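Below you'll find the structure, written out as structure tokens, and then a few comments.
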2 protein chains.
Amino acid sequence: MEGRNEYLPAYYRLAEDIREKIESGELKPGDAIPPANRLAEVYGVSLMTVRQGLTILVRMGYLKSVQGKGTFVTAPSAGTLILPFSDKHLLGQDKEVKVKLLNLEIPAADEIVADRLAIKKGTKVIKVKRLLYADEGPVAVDFRFLPYIKGMPLLEKEIAYAAFPEVIAQYREIFLVQSSLEIYACTIRCEEAELLEVEEGHPALCLEQLIRLKDGRPVGWSRMMARGDRLTLKATSRTG
Amino acid sequence: MEGRNEYLPAYYRLAEDIREKIESGELKPGDAIPPANRLAEVYGVSLMTVRQGLTILVRMGYLKSVQGKGTFVTAPSAGTLILPFSDKHLLGQDKEVKVKLLNLEIPAADEIVADRLAIKKGTKVIKVKRLLYADEGPVAVDFRFLPYIKGMPLLEKEIAYAAFPEVIAQYREIFLVQSSLEIYACTIRCEEAELLEVEEGHPALCLEQLIRLKDGRPVGWSRMMARGDRLTLKATSRTG
DNA sequence: CAGTGGTCTAGACCACTAA
DNA sequence: TAGTGGTCTAGACCACTGC
């Protein structure tokens with residue numbers, strides 16, 4: 001009856017057991033695992049406990065449940081990677097990144113910024129220019145744009161040193177949800193060349209981050225230009 | 001008693017309700033939410049149902065439970081992004097990507113490959129060279145390396161057209177787990193220039209993927225060189 | 001000690017799928 | 001119709017925290 005003689009919870013052991021069978025090849029992608037009630041019998045636990053275990057594997061991408069049909073082993077999910085993205089992660093965990101606030105102004109939005117933030121051209125926006133550098137020298141320059149809201153306090157330190165989503169959460173006094181990042185390669189332009197201590201045309205990694213509210217309304221846009229030889233993004237699989 | 005008069009399951013409504021309170025600012029990071037038994041009363045559901053709802057929010061990063069103390073609202077988690085990574089995703093969902101197998105040989109590993117795969121220099125490896133292109137022309141060239149295992153069948157089609165982790169899973173007859181990706185900017189080199197129809201020095205996005213077994217042993221390494229003007233990686237927050 | 005989260009049961013009913 | 005997953009209950013006991 002009560003199989004509570006192990007250190008680990010029953011649902012966890014069940015999940016590990018099935019995961020083991022999958023990784024060892026005993027269960028292959030496409031195979032159906034035994035139905036939940038069968039597993040409940042075999043493992044001597046209740047249905048809820050079985051479900052709790054299977055939920056873990058579904059979340060981890062090992063299984064896929066189809067109502068009325070069964071629960072099936074899925075193909076390796078390695079197509080999805082996790083990309084930690086913050087100033088701290090940018091240069092690798094070992095190196096320490098320093099940030100310098102170069103400029104903070106409230107200009108009228110130009111065409112590009114207006115487009116990204118879905119506002120009218122000419123609307124006032126907050127524009128932040130920063131320089132990120134490590135021990136070996138400058139790594140990246142970045143611009144952050146957010147719509148200017150009259151009366152809202154501007155905390156310079158926050159704006160320069162916090163992660164962009166946090167800056168916006170702070171500024172809008174809201175718990176935001178969506179953030180998307182585009183990554184592409186280009187070359188260092190004239191404006192950034194001096195700051196980054198390289199010549200124009202040097203390979204650069206460009207990162208554009210768009211922050212949106214839950215309803216999809218953009219509330220922040222940032223663009224980072226990084227020296228290709230000093231910045232490497234690292235993404236990994238695993239959900240834990 | 002039975003509040004089963006809604007379209008959505010009770011646990012889901014509870015989760016959405018609390019999430020709403022968090023995003024609207026009614027509940028702020030650090031705040032404790034009402035204890036589970038209290039929520040069960042308020043929403044008129046059982047404890048298990050409450051837990052099922054809270055589990056969703058914990059998984060999504062909105063809440064953190066601490067045994068014996070309570071369940072608390074966490075700070076915005078936007079520091080972690082999801083990066084879908086497969087041949088199909090590379091060019092954007094709209095465009096169709098085509099793949100051409102350029103070469104498949106079994107040379108001795110050079111220094112770099114031997115290092116990445118943690119094998120001795122000179123060991124035989126499978127080397128695959130591919131060209132990815134879209135309607136507008138070539139986008140990227142990539143090399144895939146995996147240790148050569150005598151007697152293992154080599155399925156050319158698989159190797160060229162499947163995602164790299166799947167290729168290896170197939171080849172090793174195993175369900176693999178770890179995959180990591182490094183992203184950086186460089187310039188097109190002489191060897192790739194002609195294939196990609198650009199001149200040497202053109203900005204390039206370089207993607208190095210390392211596939212490991214569960215125990216950390218590397219079993220595959222790939223390196224993709226993409227035209228910076230034709231490839232943009234897109235990552236988003238949200239776990240769903 | 002009381003309050004909290006974590007695990008678990010032995011049922012129940014529903015929705016969906018396939019024969 | 002039978003088999004399956006999805007939701008839900010009304011309890012129970014345990015482990016941990018803080019007073």
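In this text, all values refer to a predicted model and were calculated from it rather than measured experimentally. Each chain gets a letter, A, B and so on, in the order its sequence line appears, and its residues count up from 1.
Between the side chains of Ser179(A) and Gln209(A), a donor-acceptor pair is found at a separation under 3.5 Å.
A residue-by-residue look at Val50(A) and Leu54(B) shows that Leu54(B) has its nearest nucleotide of DNA chain C further toward the 5' end. Toward the 5' end of DNA chain D, the nearer of the two residues Leu47(B) and Gln52(B), judged by each one's closest nucleotide, is Gln52(B). Where Thr49(A) and Lys69(A) meet DNA chain C, the nucleotide closest to each residue was compared, and Thr49(A) sits on the side nearer the 5' end.
For dT7(C), one of the phosphate oxygens OP1 or OP2 lies less than 4.0 angstrom from a side-chain nitrogen or oxygen of Tyr11(A).
As a whole-Å value, the separation of Met48(B) CE from dA10(D) C1' is 12 Å. Spacing between atom CG of Leu63(A) and atom P of dT4(D) amounts to 16 Å, rounded to whole angstrom units. The CG atom of Leu39(B) sits 17 Å away from the C1' atom of dA10(D) (whole-angstrom rounding). One atom, CG of Leu14(A), and another, P of dT9(C), lie 11 Å apart when rounded to the nearest Å. Between the C1' atom of dC14(D) and the CG atom of Leu8(A) lies a distance of 15 Å, rounded to the nearest Å. What separates CD of Glu41(A) from P of dT4(D) is a distance of 10 Å, to the nearest Å. Rounded to a whole Å, the CG atom of Asn37(B) is 17 Å from the P atom of dC13(D). In this structure, Ile33(A) places its CD1 atom 18 Å from P of dG3(D), rounding to the nearest Å.
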Donor-acceptor contacts, no H, no angles, side chain residues 42-53 of chain B, under 3.5 Å, sequence neighbours left out:
{"residue": "Tyr43(B)", "atom": "OH", "partner": "Asp17(B)", "partner atom": "OD2", "Å": "2.4"}
{"residue": "Ser46(B)", "atom": "OG", "partner": "Met48(B)", "partner atom": "N", "Å": "3.4"}

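The side chain of Pro35(B) lies closest to dT4(C) when the candidates are dT4(C), dT7(C), dA12(C). When distances are taken from the side chain of Thr71(B) to each of dC8(D), dC8(C), dG5(C), the shortest belongs to dG5(C). Of the listed nucleotides (dT9(D), dG5(C), dG5(D)), dT9(D) has the atom at the smallest distance from the side chain of Val45(B). Nearest to the side-chain atoms of Arg51(A) among the listed nucleotides dG6(C), dG5(D), dG11(C) stands dG5(D). Distance from the side chain of Ala10(A) is smallest for dC8(C) among the nucleotides dG5(D), dG5(C), dC8(C).
Side chains of Lys98(A) and Leu131(A) form no contact here, defined as non-hydrogen atoms less than 4.5 Å apart. Looking only at side-chain heavy atoms (C-beta outward), Lys234(B) and Ser180(A) stay at 4.5 Å or farther from each other.
Note on Glu16(A) versus Arg13(A): no salt bridge recorded, every NZ/NE/NH1/NH2 to OD/OE distance being 4.0 Å or above.
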